[in-house]
Student: 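Sharing a structure, written as structure tokens. Questions coming.
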Amino acid sequence: MALITYREAIKQALAEEIERDENVCIMGEEVAQYNGAYKVTEGLWEKYGDKRVIDTPISEAAFSGLAIGSSMLGIRPVVEMMFMSFSYVAFDQLFNNASFCRYMSGGLMNVPIVVRGPANGGTNVGATHSHTPENLIANHPGLKVVCPSNAYDAKGLMKSAIRDNDPVFVMENTLLYGEKWEVPEEEYVVELGVANVLKEGKDISIITHGRCAMIALKAAETLKTEHNIDAEIVDLRSIRPLDEATILNSVRKTHRAVLVEENKPYCGVDAQISHLIQYKAFDDLDAPIHRVSAIDAPQIYSKPLEDWQIPNETRIIDSVLKCLA
Amino acid sequence: MPSKVATQKPVKKSTSKTNFETLPINKKLSKEEKVGLYETILGIRRFEEKSLQAYNQGKIGGFLHLYIGQEAVAAGIVSLMEENDHIITAYRDHGHALAVGMGMNECMAELYGKYTGCSKGKGGSMHFFAPDKRYWGGHGIVAGQTPLGAGLAFALKYKGLKGCAVCFLGDGAVNQGSFMETLNLVSLWGIPVVYVIENNGYSMGTSLKRSSAEESLAKRGEAFGIKWDTCEGHDVFEVREAANKAMTYAREELKPFILEIRTYRYRGHSVADANHEKYRTKEEIETYKKNKDPIIVLKNKLIADKTLTEASAKEIDQRMKDEAAVSSKFAEESPYPPKSEITTDVYWTVDNDKDQQLKGTYFFND
């Protein structure tokens, strides 16, 4: 095992897949000669050259659409959105063309692209650069979406995403890029649709994804030491496909659930998870399901307030205590 | 008022006096190939007339954007496709579909929403596809196909294949941002794509003058260093001459090209466009039909060069009418897709999960 950053893990995945398959290429703004706005692709252009690592103009609609069109003929582009917020500029390409071409052709074609980039708030950049659109993506049948919370998952999910024959969005997080985790030296993949129980517990299930899973882990320590509450942390990893069994097994064990995500609450991912639990594990619940989401307003710029707006340890602990009250 | 004379002039004089059939690209056509062009153009017309009838009888729903009047454009360009060439278009896509060789049956059945349709009834009028014929749709959103066309051509270049992608768009699509972004990208990267602007003069109900500040649409290419040309779309031989130059240039030079083809649609934007005789005069439509109908123009030329006789032309017409009638019967008698089809063809991995290795839930119905 090597201790590497989330950023390095993604870069390793990209490099390994470029070497494995001649049709894999990376494109996006500043991904090549600039080494990536967040240095995720650092060194890849130098190593693999212009054909495989391609700088694009600031034209998300054009290069996303180009990637989709090329994938119809077997190219497997990995498109970087400097921020996932910028995918909105390419909405028609990603949410009509990538998602529906297969369906509208009656299955005659498929779109094996990856769209990756950071999708998070908490960075003091205001509302336009802080979107977490995994809910929006999951609302488009035809698209898949994963939210790695750590370096191991980031590498394994990225490799699965690139090998997948459907369009997959990989939602990264700028606040995780510099964090380190143990990652195996040998090759591995993390399958889509498999959640991960980050910590077992018996009192309550905290079901979460992305960076919130890491915050929930810390909250669980405090809950244990200060409140003697043994929380189980379920990290969804993959939003669509969704590992329903792991969610339901956890709730059936603890009988209580707090759902934590950085999405805005209205029609967020956890609205669906909440429905799932009440529908399939109604009799197992001892309390209403509680949710911790971003406070329901556009992302605020002011740093201390933004830190409060998105889920944090305090808000998670408060919610768990309420759910157990 | 500052004068706009310079931009209002046609950038290039019409060359419609030229006998395009005598130019090398057309002269080399065999008798069979010329008859084939006539069959394609006529087949599109008769198919669409039949579909219009079915629409008016309430048998076809949704939108029906007819290509009637523009047939020579798709027929001419498809006839130039080489082994590694691909095409893609917008929602007025029946003509291109039939031109690449899709059958009337599967196309008509798709309009009816039937299981035997080319997309199993999942796409409808605007979304015909035939990847085996290098036809990539059939796209419903104006200009949404323009980056995709660039992608097809990018893939050719990436794989080192000599060919081009032809991406059709309308005169309304040139005002979409995605198209302008794409023009910059394809010129910057040297992508062998030909953008064929089928300029029928109206973006839905808004005339060219009321929608585009500069009336020469192809000229916009100059801003991106892209070569361009214009031609008339009623004479399939003229279309072939201009498109051949454009496609050859793209293939040989690995560069994009914009070809603006002036054409005309006889029907409304879609059949639901009841106003189409309000935003233009009836005389305008009739004048075009009388002087520039692509079927009549081609028929006269083929009779003149003895490829056809009145009798053989009539025989072809009857055959196309019969084929269209058969397709309509086929569509009517075909079943609707079963309900289970709603959730197939969504994900490749789900459709191909023969040994049930796939993890997780993909569909979220109670």
Side-chain angles (χ1 to χ4, degrees), chain A residues 23 25 51 54 56-75 77 89-90 92-93 96-97 99-112 138 141-144 164-166 191-195 238 240-245 272 275-276 279-280, chain B residues 86 88 110 117-124 126-132 136-141 143-156 158-159 165 177-178 181-186 188-189 191 343-352 358-364 366:
Chain A
N23 286 321
C25 61
K51 183 176 178 183
I54 307 161
T56 67
I58 303 175
S59 307
E60 282 83 1
F63 67 75
S64 299
L66 181 141
I68 295 162
S70 74
S71 78
M72 295 171 184
L73 291 182
I75 310 300
V89 181
D92 177 48
Q93 294 306 319
N96 265 326
N97 289 343
S99 54
F100 303 149
C101 274
R102 176 170 180 77
Y103 195 71
M104 293 193 305
S105 68
L108 294 176
M109 57 206 276
N110 58 302
V111 177
L143 301 179
K144 300 175 180 178
D164 200 280
N165 277 339
D166 293 307
E191 282 182 279
L192 308 189
V194 182
S238 176
R240 187 169 187 149
L242 181 72
D243 183 351
E244 293 190 343
Q272 178 67 27
H275 169 74
L276 168 77
Y279 189 68
K280 293 192 175 169
Chain B
H86 296 259
I88 186 166
E110 187 62 28
C118 49
S119 295
K120 304 183 197 167
K122 297 180 180 187
M126 302 185 284
H127 310 114
F128 287 6
F129 296 82
D132 63 322
W136 298 94
H139 294 270
I141 304 295
Q145 79 283 11
T146 58
L148 302 181
L152 295 169
F154 173 88
L156 292 173
Y158 189 97
K159 293 181 168 186
S178 58
E181 284 186 26
T182 305
L183 289 184
N184 178 58
L185 198 60
V186 295
L188 187 70
W189 290 359
I191 303 294
T343 49
T344 62
D345 304 321
V346 180
Y347 294 103
W348 185 95
T349 53
V350 174
D351 298 332
N352 290 279
L358 224 48
K359 304 288 194 330
T361 302
Y362 279 81
F363 300 101
F364 297 85
D366 283 351

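Residue numbering restarts at 1 for every chain, and letters A, B, ... go by the order of the sequence lines.
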Student: Report the C-alpha distance between Phe363(B) and Arg240(A) in whole Å, list the side-chain angles of each, state the deciding distance to 0.1 Å, and finish with yes or no for side chain to side chain contact (heavy atoms under 4.5 Å, CB included).
Tutor: CA-CA 9 Å; Phe363(B) 300 101; Arg240(A) 187 169 187 149; 3.8 Å; yes
Student: Side chains of His275(A) and Asp366(B) only: does a donor on one sit below 3.5 Å from an acceptor on the other?
Tutor: yes
Student: Can you tell me how far OG1 of Thr56(A) sits from CH2 of Trp189(B), rounded to the nearest 0.5 angstrom?
Tutor: 6.0 Å
Student: Let's go through Lys359(B) and Asp243(A) carefully: what are the C-alpha distance in whole Å and the side-chain angles of both, what is the deciding distance for side chain to side chain contact (heavy atoms under 4.5 Å, CB included) to 0.1 Å, and is it a yes or a no?
Tutor: CA-CA 7 Å; Lys359(B) 304 288 194 330; Asp243(A) 183 351; over 6 Å; no
Student: Scan side-chain atoms only and decide if Thr349(B) and Lys144(A) contain a donor-acceptor pair under the 3.5 Å cut-off.
Tutor: yes
Student: Could you check whether any side-chain heavy atom of Leu188(B) comes within less than 4.5 Å of a side-chain heavy atom of Pro57(A), counting everything from C-beta outward?
Tutor: yes
Student: Go through the atoms of Ile58(A) and report whether side chain, backbone, both or neither lie under 4.5 Å from a heavy atom of chain B.
Tutor: neither
Student: Chain B: which of Leu143(A), Asn110(A), Leu242(A) shares the most heavy-atom pairs with it under 4.5 Å?
Tutor: Leu242(A)
Student: Find the one option among Gly107(A), Ser70(A), Ala61(A), Ser99(A) whose heavy-atom pairs under 4.5 Å with chain B are most numerous.
Tutor: Ser70(A)
Student: Decide yes or no on side chain to side chain contact (heavy atoms under 4.5 Å, CB included) for Lys159(B) and Ile75(A), but give the supporting numbers first.
Tutor: CA-CA 9 Å; Lys159(B) 293 181 168 186; Ile75(A) 310 300; 3.9 Å; yes
Student: Please state whether the side chain, the backbone, both or neither of Asp132(B) comes within less than 4.5 Å of a heavy atom of chain A.
Tutor: neither
Student: Under 4.5 Å heavy-atom distance to chain B, tell me which part of Asn23(A) shows up: side chain, backbone, both or neither.
Tutor: both
Student: Could you tell me which portion of Gln272(A) (side chain, backbone, both or neither) has an atom closer than 4.5 angstrom to a non-hydrogen atom of chain B?
Tutor: side chain
Student: Examine whether an atom of Ser238(A) lies under 4.5 Å from a heavy atom of chain B, and if so say whether it belongs to the side chain, the backbone or both; otherwise answer neither.
Tutor: neither
Student: Name the region of Phe63(A), side chain, backbone, both or neither, that has any atom closer than 4.5 Å to a heavy atom of chain B.
Tutor: both
Student: Please state whether the side chain, the backbone, both or neither of Thr146(B) comes within less than 4.5 Å of a heavy atom of chain A.
Tutor: neither
Student: Which region of Asn165(A), side chain (C-beta onward) or backbone (N, CA, C, O), has a non-hydrogen atom less than 4.5 Å from a non-hydrogen atom of chain B, or is it both or neither?
Tutor: both
